[in-house]
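First up is the structure itself, then whatever we jot down about it.
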There are 2 protein chains.
Amino acid sequence: MCSPPGCGHGNRIWSVTLSPSQTPDEPAAEAARQLPPATVSRLTLYLRTLNALLSEGTERVSSEALAESAGVGSANVRKDLSYLGSYGTRGVGYEVAHLSRKIAQALGLTHEWRVAIVGAGNLGRALARYAGFESRGFDVVALLDADQMLVGTEIGWLRVTDVADLEHTLEKTRANMVVLALPAAVAQSVCDRVVDAGIHSILSFAPVALSVPAFVNLRKVDMATELQILAYHAQRLADPRLDEDRPGA
Amino acid sequence: MCSPPGCGHGNRIWSVTLSPSQTPDEPAAEAARQLPPATVSRLTLYLRTLNALLSEGTERVSSEALAESAGVGSANVRKDLSYLGSYGTRGVGYEVAHLSRKIAQALGLTHEWRVAIVGAGNLGRALARYAGFESRGFDVVALLDADQMLVGTEIGWLRVTDVADLEHTLEKTRANMVVLALPAAVAQSVCDRVVDAGIHSILSFAPVALSVPAFVNLRKVDMATELQILAYHAQRLADPRLDEDRPGA
DNA sequence: ACGTGTGAAGAGCTTCACAGCC
DNA sequence: GGCTGTGAAGCTCTTCACACGT
């Protein structure tokens, strides 16, 4: 793991875009294509529902129905969709096919995304075989590991390649996204190599905070963290009086 | 992500309920032991760092160092920790062992959490073997599946049991949390049974919105969603000019 | 009548900046 | 000098409520 705090540069995950007042010139044009992060993540949920509706032949859908199937409020749905433009019809709803196309376009799913998974342990192998990626437009093009026992074996329709050749594999497969399914101890060094190889989009499952340059997009999924958050709420329900020495109490 | 930040957030966990205008008597006392959700998810990150420091013998840590290793700002760390009480020493920092204990306590990790994983597909098996759960105080006590080919086999140190006996298994193993690693199609019905069996904390990996009673805590992790969010940002960096075309005009 | 689109109000979170204590 | 604790300011996101189009 990273030696004591201070093994280098401390960069923030996904640049803050700060500058409260960048150029006061053209705020609207820039802002117009900046979707709020919360909206982006909900758009993926709407898209999932829309695609389900599409394949069952439904033609129109209301914000109420979309809200229901995404687990949010309908006002929220309408606000989110309004960032994309006025694609609904008042008194009627949204046309499923059209809206689906618009969301996919806004999310950049028209592009071809080629994903390399680094780490062929339990999780990496599970991800490599997960059909959900392919079906949603993400091509898993490589699976890498450092373990020589795994290199060369086949997982799903992929052959595991040596992480020593990471740069070469990424270039050859023209991967433009990387999923890190690695132990915490090696995650940062592999991450650095991935960034140096020109990858700007990384999804990490390693239970450690990775530091990356500001221009790199890093998202983290940590299953133990999720369970701990559940534990917090569960404990609160179970034992409503947990007044330790809290301020204000 | 919690994602980073962001994170696609959970859905209406615990909802708003009592804040608006409960009893105007004692608002502060109740509010005092309600940690902001964003704080809760960062506390898990601090705890991870603290435990690492603990095992390497470091005794004190500053908010700056904690911030660095969690990927947030130091003011944020201090604010978060201040919700727990004043456990730091000005001019010095925080005592690692003490702070670690306080956070674990606040998160409810003193409790014993017994997790049942439903679904022994690729992901379920990977989760069952994931050492990160055990090491952080979560005991995986059962692994269930509907596939008769899998029932009875051993994964890690667990024997797969039949999901038909779900209620019985949950009771017998005294599980108090459930992880759903199921296909979307069956997730809701299994979820309903899990809730009926008295489980109030559920972590779902199924790519579908589950509906649960308000008193149930449901968190979702969706890997395809994470990739789509990355795609959005990557596309923005690659192609700064996003076209728009108005619908009818 | 129905359901979208949207300013405005409200709630929550982050960042700042500095007082207070070691 | 160094670092915590915290009001206040600023920002983002959510919710409300209703005008508007069909």
Side-chain angles (χ1 to χ4, degrees), chain A residues 5 12-14 16-22 27 31 34-43 46 60-68 70-95 98-99 246-248, chain B residues 1-21 27 31-32 34-43 46 60-68 70-95 98-99 246-249:
Chain A
R12 296 293 164 269
I13 321 286
W14 92 14
V16 191
T17 323
L18 36 90
S19 309
S21 53
Q22 178 113 332
Q34 264 280 30
L35 300 177
T39 292
V40 173
S41 77
R42 280 188 303 264
L43 285 177
Y46 307 152
R60 283 183 273 107
V61 67
S62 67
S63 61
E64 189 62 54
L66 272 179
E68 163 80 24
V72 300
S74 67
N76 216 325
V77 172
R78 292 197 300 278
K79 179 73 87 180
D80 286 339
L81 296 182
S82 77
Y83 289 122
L84 304 181
S86 295
Y87 297 138
T89 308
R90 293 173 193 232
V92 178
Y94 301 88
E95 205 222 316
H98 188 226
L99 188 55
R246 291 280 185 72
Chain B
M1 325 170 121
C2 239
S3 7
C7 345
H9 234 290
N11 28 2
R12 60 272 156 103
I13 303 202
W14 224 152
S15 231
V16 215
T17 44
L18 42 88
S19 12
S21 59
Q34 264 280 29
L35 300 177
T39 291
V40 173
S41 79
R42 280 189 302 264
L43 285 177
Y46 307 153
R60 285 183 272 107
V61 67
S62 67
S63 61
E64 188 61 55
L66 271 179
E68 162 81 24
V72 301
S74 68
N76 216 325
V77 172
R78 293 197 299 277
K79 178 74 85 183
D80 287 340
L81 297 181
S82 77
Y83 288 122
L84 304 181
S86 295
Y87 298 137
T89 307
R90 292 170 194 235
V92 177
Y94 301 87
E95 206 222 315
H98 187 227
L99 189 55
R246 289 330 203 113

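When reading the values below, keep in mind they use all heavy atoms of this one structure, side chains included, and skip hydrogens, waters and symmetry mates. Bear in mind that the values here come from a model prediction, so they are computed numbers and not experimental data. We name chains A, B, ... by the order of the sequence lines, and we start the count at 1 in each one.
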Distance, rounded to the nearest Å, where [X] contributes [atom1] and [N] contributes [atom2]:
X     : N      : atom1 : atom2 : answer
B/E64 : C/dT15 : CD    : C1'   : 14 Å
A/L84 : C/dT6  : CG    : P     : 12 Å
B/E95 : D/dT4  : CD    : P     : 14 Å
B/D80 : C/dC13 : CG    : C1'   : 10 Å
A/L81 : C/dG5  : CG    : C1'   : 11 Å
B/Y83 : D/dT6  : OH    : C1'   : 10 Å
B/R60 : D/dC3  : CZ    : P     : 11 Å
A/L35 : D/dT14 : CG    : P     : 13 Å

Please check the phosphate of [N] (OP1 and OP2 only) for any side-chain N or O of [X] closer than 4.0 Å.
X     : N      : result
A/N76 : D/dT15 : yes
A/Y94 : C/dG5  : yes
B/S63 : D/dT4  : yes

Counterpart residues, side-chain hydrogen bond (donor to acceptor under 3.5 Å, both in side chains), relative to A/T39 (two or more places apart):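 Only A/D80 meet the side-chain hydrogen bond (donor to acceptor under 3.5 Å, both in side chains) criterion with A/T39.
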Minimal non-hydrogen separation, B/R60 against B/E95, with atom names: CG-CA, 4.4 Å
Considering all heavy atoms, the nearest B/L35-B/Y83 contact: CD2-CB, 3.6 Å
Residue of the set B/K79, B/E68, B/R78 for which side chain to side chain donor-acceptor pair (under 3.5 Å) holds with B/S63: B/R78
Touch class at under 4.0 angstrom, heavy-atom based, for B/R42 against every strand present: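 Contact class for B/R42: sugar-phosphate only.
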Touch class at under 4.0 angstrom, heavy-atom based, for B/G93 against every strand present: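 If one applies the 4.0 Å heavy-atom cut-off, B/G93 turns out to touch the sugar-phosphate alone, with no base involved.
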Toward the 5' end of DNA chain C, by each residue's nearest nucleotide, A/V61 or B/T39: A/V61
Base-contact (B) and sugar-phosphate-only (S) positions in nucleotides 16-22 of chain D, heavy-atom cut-off under 4.0 Å, - elsewhere: BB-BBBS
Partners meeting side chain to side chain contact (heavy atoms under 4.5 Å, CB included) with A/A65 (sequence neighbours left out):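 Per chain and number, A/A65 pairs via side chain to side chain contact (heavy atoms under 4.5 Å, CB included) with A/V61, A/S62.
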Contact check, side chains of B/V72 and B/L66, non-hydrogen atoms, under 4.5 Å: no
Any B/Y46 side-chain heavy atom under 4.5 Å of B/V77 side chain: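 Touching, per the 4.5 Å side-chain cut-off.
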